[in-house]
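Input: a single structure, listed below in structure tokens.
Here the structure is a predicted model, which means the values were calculated and not measured. Side chains are part of it too, since the values below use all heavy atoms of this structure and drop only hydrogens, waters and symmetry mates.
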Amino acid sequence: MGFNGSIPGAARLHLVDGVALLRPEEQVFTAMLTGFANQQLARNLARTTVEGRENTVKALAAYVNTYPWLWTPAMVDEWLGDLRSLRDLKRSTIRSYSEAVRAFCHFITDPLYEWTATCEERFGTHPVQVVHEWNTAVHVQDNEADPKKRAFTKAELHAFFAHCDDEVARIRAFGRKGWLPAFRDATLFKTAYAFGTRRNKTRMLDAADFGRNPHGGEFGEYGRCQVRFGKAKKGSPPKRRGVLTVFDWTPDVLDEWFTEVRPLFGTDNNPAAWPSERGLRIGCQRLNSRFIAYRKALGLDDGLDFHSFRRSYVTHLIEDGWDPRFVQEQVGHEHASTTSLYTCVSSDFRTRTLRRHLDSTIAAALQTQTGRQA
């Protein structure tokens, strides 16, 4: 693509030369946002990412009550400072906001898009980059997750799944229809743990995504799970991967759901593994609500969330002696260091590992001493 307004997001694609504007500041800003969105979409970024960045830019404009060609670094400092001190936003959220503003300012100050020339012509000034290394947070750690977040212990996980089953039985005993969605959510929770999948990836599974593993015939029709909506890289489609079944209880749970319970939802033309009572598939908010209700009922701390199923999957497999490379490939991590961030190995496991190595060292030393005496 060439110059003279022919690239996505250029000023001449959104404003006509020589035409007077009724509300010039507002209309130019709106045209900038539209151009920014087009430029981001041309890079294959997800619409949710584009919309999120646009909303962030609008939020800054509303806070400083002025337009981008009048922004200064001090305005950004005050805005980010208030977000951190008054709203207590997480470090990663603050960083994503500053990066959105940085990307927008980079776009409107790039001569190729001609927004600086447009602002000079119409307002006698031009936008500048207001986000720099010296006024934004530096990303210095690989893992900036909330330190409270953790995996389930095996006892907690057993109690959670038992509570899921008890709730189904309790609701059904009262003759209420609510036992069907309770059964669905219980099975979904168990599936998220059984395959180490994230919330949205679990939610987006279809019935056809489960199949046989020719090297694991004992799992029958549920020897593998095809994840089609894995976490994507910027500008790329969702990553696909196959996850092999490792727990012997998984086929029984899935078989009961797909053969006996799911048909009761009336799913003749619905491919979703977890259909909703009112739509195609269950939503994230409904899953969060159910999870939090069960967590509170059991008195578990808020360090446990839906993602804890995935943390638990990695942790428990490592504790049980599975090869770390196998676990890494199961959860779709390119690097072992990423998998290690999910591992919350218990003190009991570390104690057993230490004891095993100490015992082997002592045994080797005694054997050596015996050999010398002989």
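- Considering only heavy atoms from C-beta on, Glu26 comes within 4.5 Å of Tyr67 through its side chain.
- Considering only heavy atoms from C-beta on, Arg262 stays 4.5 Å or farther from Thr187 through its side chain.
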Derivation and outcome, side chain to side chain contact (heavy atoms under 4.5 Å, CB included), residues Asp255 and Glu221: CA-CA 8 Å; Asp255 185 64; Glu221 298 299 322; over 6 Å; no
For Thr245 and Phe195: C-alpha separation, side-chain torsions, deciding distance, then whether side chain to side chain contact (heavy atoms under 4.5 Å, CB included) applies. CA-CA 7 Å; Thr245 303; Phe195 295 100; 3.4 Å; yes
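- The shortest distance between side-chain heavy atoms of Thr250 and Phe210 does not fall below 4.5 Å.
- With a 4.5 Å cut-off on side-chain heavy atoms, Leu300 and His163 do not count as touching.
- Closest approach of Pro68 to Ile108, counting heavy atoms only: CB-CD1, 3.8 Å.
- In this structure, Asn213 CG and Cys225 SG are separated by 12.5 Å, a value rounded to the nearest 0.5 Å.
- Classification of Lys190 and Asp165 as a salt-bridged pair holds, one side-chain N sitting under 4.0 Å from a carboxylate O.
- Atoms CZ and CG, from Phe265 and Leu180 in turn, are 5.0 Å apart once rounded to the nearest 0.5 Å.
- Arg290 and Glu167 are not joined by a salt bridge, as no carboxylate oxygen comes within less than 4.0 angstrom of a charged side-chain nitrogen.
- Among all heavy-atom pairs drawn from Arg241 and Gly196, the shortest one is NH2-O, 4.2 Å.
- For the residue pair Asp185/Tyr294, the side-chain donor-acceptor check at 3.5 Å is not satisfied.
- Minimum heavy-atom separation, Phe247 to Pro251: O-CD, 3.8 Å.
- Both Trp322 and Val314 are assigned to one and the same hydrophobic cluster, defined by single-linkage of ILVMFWY side chains at heavy-atom distances under 4.5 Å.
- In this structure a side-chain-to-backbone donor-acceptor pair under 3.5 Å is present from Gln27 to Arg23.
- Outside the 6.0 Å centre-distance limit, the rings of Tyr193 and Phe152 are not counted as a close aromatic pair.
- A heavy-atom distance below 4.5 Å is found between the side chains of Leu304 and Glu156.
- When side chains are defined from C-beta on, Arg184 counts as touching Glu277, because their heavy atoms get closer than 4.5 Å.
- Using cut-offs of 30° and 60° on the angle between ring planes, the pair Trp69 and Phe123 is parallel.
- For His132, the NE2 atom sits in a packed shell: over 12 heavy atoms of surrounding residues, nucleotides or ligands are nearer than 6.0 Å.
- Checked options Trp274, Phe161, Phe160; the residue passing with Phe189 is Phe160 (criterion: ring pair (Phe, Tyr, Trp, His ring centres under 6.0 Å)).
- In plain terms, the two heavy atoms of Phe258 and Ala273 that are nearest each other are CZ-CB, 4.0 Å.
- Taking the centre of each ring, Phe309 and Phe291 come in below the 6.0 Å mark.
- Atom CG of Leu157 is separated from atom OG1 of Thr315 by 11.0 Å, given to the nearest 0.5 angstrom.
- A distance of 8.5 Å separates CZ of Phe107 from CD of Gln40, quoted to the nearest 0.5 Å.
- At least one donor-acceptor pair closer than 3.5 Å links the side chain of Asn55 to the backbone N or O of Glu51.
- Both Trp249 and Val168 are members of a single hydrophobic cluster when ILVMFWY side chains are connected at heavy-atom separations under 4.5 Å.
- Nearest heavy atom pair, residue Thr116 against residue Thr109, reads CG2-CA, 3.7 Å.
- Between Asp305 and the options Arg199, Arg310, Arg311, Arg295, a salt bridge (charged side-chain N to carboxylate O under 4.0 Å, His left out) holds for only Arg311.
- Look at Asp301 and Arg150 and you find a salt bridge, because one of the NZ, NE, NH1 or NH2 atoms lies within 4.0 Å of a carboxylate O, short of that distance.
- The OG1 atom of Thr202 sits 12.5 Å away from the CD1 atom of Ile282 when rounded to the nearest 0.5 Å.
- The heavy-atom pair separating Tyr313 from Ala194 by the smallest distance is CE1-O, 3.3 Å.
- Side chain of Gln330 to backbone of Leu244: a donor-acceptor contact under 3.5 angstrom is found.
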Just do the side chain to side chain contact (heavy atoms under 4.5 Å, CB included) check on Leu89 and Tyr97 with the steps written out, would you? CA-CA 11 Å; Leu89 296 184; Tyr97 283 6; 3.7 Å; yes
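- Following chains of ILVMFWY side-chain contacts shorter than 4.5 Å, one cannot reach Phe219 starting from Leu317, and the two form parts of different hydrophobic clusters.
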Lys154 and Glu319: side chain to side chain contact (heavy atoms under 4.5 Å, CB included), yes or no, with the steps? CA-CA 11 Å; Lys154 290 184 178 180; Glu319 286 186 347; 4.0 Å; yes
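- Remark: side-chain polar atoms of Asp206 are not paired, donor with acceptor, to backbone N or O of Ala208 under 3.5 angstrom.
- The shortest distance between side-chain heavy atoms of Leu41 and Arg47 falls below 4.5 Å.
- Proximity of a side-chain donor or acceptor of Asn270 to a complementary backbone N or O of Leu280 within less than 3.5 Å is detected.
- You'll find the side chain of Glu256 reaches within 4.5 Å of the side chain of Phe183, heavy atoms only.
- The CZ atom of Arg203 lies 10.5 Å from the CG atom of Leu205; values are rounded to the nearest 0.5 Å.
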